[in-house]
Enquirer: 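Pasting a structure below so you can have a look.
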Amino acid sequence: MEKKLKLWDAVMIVMGSMIGSGIFIVSADIMRNLGSGYWMIVVWLITAVMTVAAAISYGELSAMFPKAGGQYTYITEIFGKPMGFLYGWGMFTVIQTGTIAAVAVAFGKFTAYLVPALNDAAPIFQSGEFKITWIQILAIGVILFLTFVNTRGVESGKLLQNVFTTSKIIALLGLIVLGFVLISQSNWSSNMSFGWDAFQNLKQTEWKSISGATVLGGIAAAMVGSVFSSVAWENVTFISGEIENPKKNVVKAMILGTSAVMILYLLVNFVYLNALDRDSIAFAANDRVAVAAAEKMFGNAGTIIIAVLVMISTFGCVNGIVLAGARVFQTMAKDGLFLKSAVENNKNGVPEKSLWMQGIWASLLCLSGQYGDLLDMISFVIVLFYMITVFGVIYLRIKKPELERGYKTFLYPFTPILYLLIGTGFCILLFIYKPQYTWPGLGLILLGLPVYFFINKNSKKG
């Protein structure tokens, strides 16, 4: 593959893939679960530490295996094809494609703010609870358009990514500054007055004081949203084969990109705590905390401003995920674990058939309307695969200390162990207190085992 992506492009892919619609919404659920400004900040700080620690740890693997496929390649090289396939299976069935679908539909929903006819129009098709709306059609249009753009060559996708990511970073910085300048009556003191006391109010009834194990369960539930808002940075590893000097630039992009995004996320939450009181954050209409904050700043125009910002954010996010994901399925095909036609590059040097397979499946998930339920269930699975990959750093240090490492994990072994401890705590708490977030997602991934053995059996016969 041609090396057409520079360090700046790689950083834009990291940041653009991370910043979607989550930061504008999930703080409502965090506040409902914990009821205090202190705890809201703690949840985002824990997520920030996890995310950056994982990125620092991945850097060592990206320097050892600087080729397309990224996390899939790392897992396959360290733990073998079956584990690598399970990751790739999860990526194609829902992690990558479901994220594309969810973010594209978020684009459609916020577009409906500017074009109310999208909300008001009757469904194109309806049978019982299943229906196809114009918002879903718009989402599919975005997915197919961005898939087409990326088939024209990596430079086309790169240009879109750089423009849209830069735009949303500037817009977020503007929102952060104005969130303190334009608010005449700050709610910061009242939100922080609860201190370390935690409360819950999940159904907009009354706030109830919680303590002990219930607080731990609340943290785990709250982190489902913050974790999901902070994933996809590893997408840059999928396209390592197209980045200049990947042994150095991939790790730099991951660390710079994740650190910058997590700082932005924390500052945006400071704006929410400054602009809105506890109830306004927890029970913002449709969880759109950013809209409620913007209305405090700009009046009725705030809704339009945030709608445009989210449209820019989600459009760029979908592009980054579309650009990167297809490289995983191409690498799997080269290993005999995906459709053979996904191997080929087109005349523009990109895996066109792999891109279209990803785009079509993501479009079908849009139509199904089930991607949202699936995504709620896979934050656990995403963290589980992060943990497996981070553990791979320690495993290789012990088993193969002689391997060349162009970059060594900063503060090893503290950094990977810190991630593993936080990740383990998150997963155990979800198992105990929110099993609906764990078992279905785990079951979906384990369904890949019989598929793997079927593919392996047929390839041996061949």
Side-chain angles (χ1 to χ4, degrees), residues 21-51 186-231 262 265-266 268-293 296 372-383 421-441:
S21 58
I23 185 57
F24 305 104
I25 296 170
V26 301
S27 292
D29 190 56
I30 295 172
M31 185 60 87
R32 286 195 296 270
N33 273 285
L34 295 166
S36 160
Y38 273 91
W39 283 110
M40 186 167 151
I41 292 170
V42 164
V43 166
W44 284 104
L45 281 173
I46 294 171
T47 306
V49 170
M50 281 182 72
T51 304
S186 171
N187 288 280
W188 180 269
S189 296
S190 64
N191 283 318
M192 305 306 280
S193 65
F194 305 107
W196 295 109
D197 293 332
F199 305 86
Q200 266 185 5
N201 187 354
L202 302 180
K203 297 182 179 179
Q204 200 171 355
T205 51
E206 62 176 326
W207 291 98
K208 294 182 179 178
S209 178
I210 58 172
S211 59
T214 310
V215 174
L216 294 177
I219 291 172
M223 282 182 64
V224 169
S226 64
V227 165
F228 190 74
S229 300
S230 309
V231 299
M262 296 317 300
Y265 280 5
L266 280 166
V268 168
N269 278 278
F270 290 166
V271 169
Y272 297 157
L273 291 168
N274 186 57
L276 303 168
D277 61 31
R278 178 169 70 172
D279 281 13
S280 298
I281 295 172
F283 308 115
N286 296 313
D287 285 356
R288 295 185 178 106
V289 186
V291 171
K296 286 278 188 178
D373 296 334
L374 291 168
L375 289 176
D376 282 341
M377 300 167 187
I378 62 164
S379 286
F380 165 79
V381 173
I382 292 172
V383 171
L421 288 174
I422 298 174
T424 300
F426 172 71
C427 290
I428 290 172
L429 288 171
L430 281 185
F431 259 121
I432 296 171
Y433 296 104
K434 299 289 178 180
Q436 69 270 29
Y437 290 133
T438 53
W439 289 110

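For reference, positions follow the sequence shown, starting with 1. Everything numeric in this text was worked out from a predicted model, so none of it was measured.
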Enquirer: Working to the nearest 0.5 Å, report the span between CG of Asp279 and CG of Asn201.
Expert: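 It is 7.0 Å, given to the nearest 0.5 Å.
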
Enquirer: I'd like to know whether Phe228 forms a side chain to side chain contact (heavy atoms under 4.5 Å, CB included) with Val224, so could you lay out the CA-CA distance, the side-chain angles of the two residues, the decisive distance to 0.1 Å, and finally the verdict.
Expert: CA-CA 6 Å; Phe228 190 74; Val224 169; 5.7 Å; no

Enquirer: When rounded to the nearest 0.5 angstrom, what is the spacing between CG in Asn191 and OG in Ser193?
Expert: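 Taking CG in Asn191 and OG in Ser193, the distance rounds to 7.5 Å.
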
Enquirer: Please report the closest heavy-atom contact between Val43 and Ala222, naming both atoms and the distance.
Expert: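 Taking every non-hydrogen atom into account, CG2-CB, 4.1 Å.
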
Enquirer: For the atom pair CG (Asp287) and OG (Ser21), what is the distance rounded to the nearest 0.5 Å?
Expert: 11.5 Å

Enquirer: For the CH2 atom on Trp439, are there more than 12 heavy atoms of other groups (residues, nucleotides or ligands in this structure) within a distance under 6.0 Å?
Expert: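 Check fails, neighbour count at 12 or below.
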
Enquirer: Is the centre of the Trp39 ring less than 6.0 Å from the centre of the Phe199 ring?
Expert: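 Not under 6.0 Å, so no.
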
Enquirer: Would you confirm whether Thr438, through its side chain, and Pro435, through its main-chain N or O, come within 3.5 Å as a donor-acceptor pair?
Expert: yes

Enquirer: When you look at Ile382 and Val227, which way does the side chain to side chain contact (heavy atoms under 4.5 Å, CB included) test go after all the steps?
Expert: CA-CA 9 Å; Ile382 292 172; Val227 165; 5.6 Å; no

Enquirer: Is there a side-chain contact between Arg288 and Phe24, using heavy atoms and a 4.5 Å cut-off?
Expert: no

Enquirer: In the structure I gave you, are the side-chain heavy atoms of Asn274 and Lys296 within less than 4.5 Å of one another anywhere?
Expert: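 Sidechains of Lys296 and Asn274: no contact.
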
Enquirer: Could you pull out the closest heavy-atom pair between Ala221 and Leu430, with the gap in Å?
Expert: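 Heavy-atom minimum between the residues: N-CD2, 4.4 Å.
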
Enquirer: Please report the closest heavy-atom contact between Gly423 and Val383, naming both atoms and the distance.
Expert: CA-CG1, 4.1 Å

Enquirer: Any non-hydrogen side-chain atom of Ser230 less than 4.5 Å from a side-chain atom of Trp44?
Expert: yes

Enquirer: Please examine the side chains of Leu34 and Met40, heavy atoms only from C-beta on, and report whether any two atoms are closer than 4.5 Å.
Expert: no

Enquirer: Is there side-chain contact between Tyr265 and Ser226, with heavy atoms separated by less than 4.5 Å?
Expert: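 Not touching, per the 4.5 Å side-chain cut-off.
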
Enquirer: Does any part of the side chain of Asp197, heavy atoms only, come nearer than 4.5 Å to the side chain of Ser209, both counted from C-beta?
Expert: no

Enquirer: Closer than 3.5 angstrom, by distance alone: can the side chain of Asn187 be matched with the main-chain N or O of Ala275 as a donor-acceptor pair?
Expert: yes

Enquirer: What pair of heavy atoms forms the shortest contact from Ser229 to Val26, and how long is it?
Expert: OG-CG2, 3.5 Å

Enquirer: Got a second to check how far Ile41's CD1 is from Ile30's CD1, nearest 0.5 Å?
Expert: 11.0 Å

Enquirer: Do the rings of Phe283 and Trp207 sit parallel, tilted or perpendicular, given the 30° and 60° boundaries?
Expert: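 If you compare the ring of Phe283 with that of Trp207, the planes turn out tilted.
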
Enquirer: Begin with the C-alpha distance, continue with both residues' side-chain angles, and end with the deciding distance and a verdict on side chain to side chain contact (heavy atoms under 4.5 Å, CB included) for Asn269 and Ile23.
Expert: CA-CA 8 Å; Asn269 278 278; Ile23 185 57; 3.6 Å; yes

Enquirer: Under the side chain to side chain contact (heavy atoms under 4.5 Å, CB included) criterion, do Leu276 and Val289 qualify, and how do the steps go?
Expert: CA-CA 9 Å; Leu276 303 168; Val289 186; 3.8 Å; yes

Enquirer: Got Leu273 and Met31 here, is their nearest side-chain heavy-atom distance under 4.5 Å?
Expert: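 Answer yes - side chains close enough.
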
Enquirer: So, taking the atom named CZ in Phe426 and the one named CZ in Phe380, what distance separates them when rounded to the nearest 0.5 Å?
Expert: 9.0 Å

Enquirer: Report yes or no: do Asp277 and Ser190 form a side-chain donor-acceptor pair below 3.5 Å?
Expert: no

Enquirer: Taking atom CD1 of Ile428 and atom CG of Leu216, what is their separation to the nearest 0.5 Å?
Expert: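 If we round to the nearest 0.5 Å, Ile428:CD1 and Leu216:CG are 11.5 Å apart.
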
Enquirer: Are any non-hydrogen side-chain atoms of Asn33 and Leu202 less than 4.5 angstrom apart?
Expert: yes

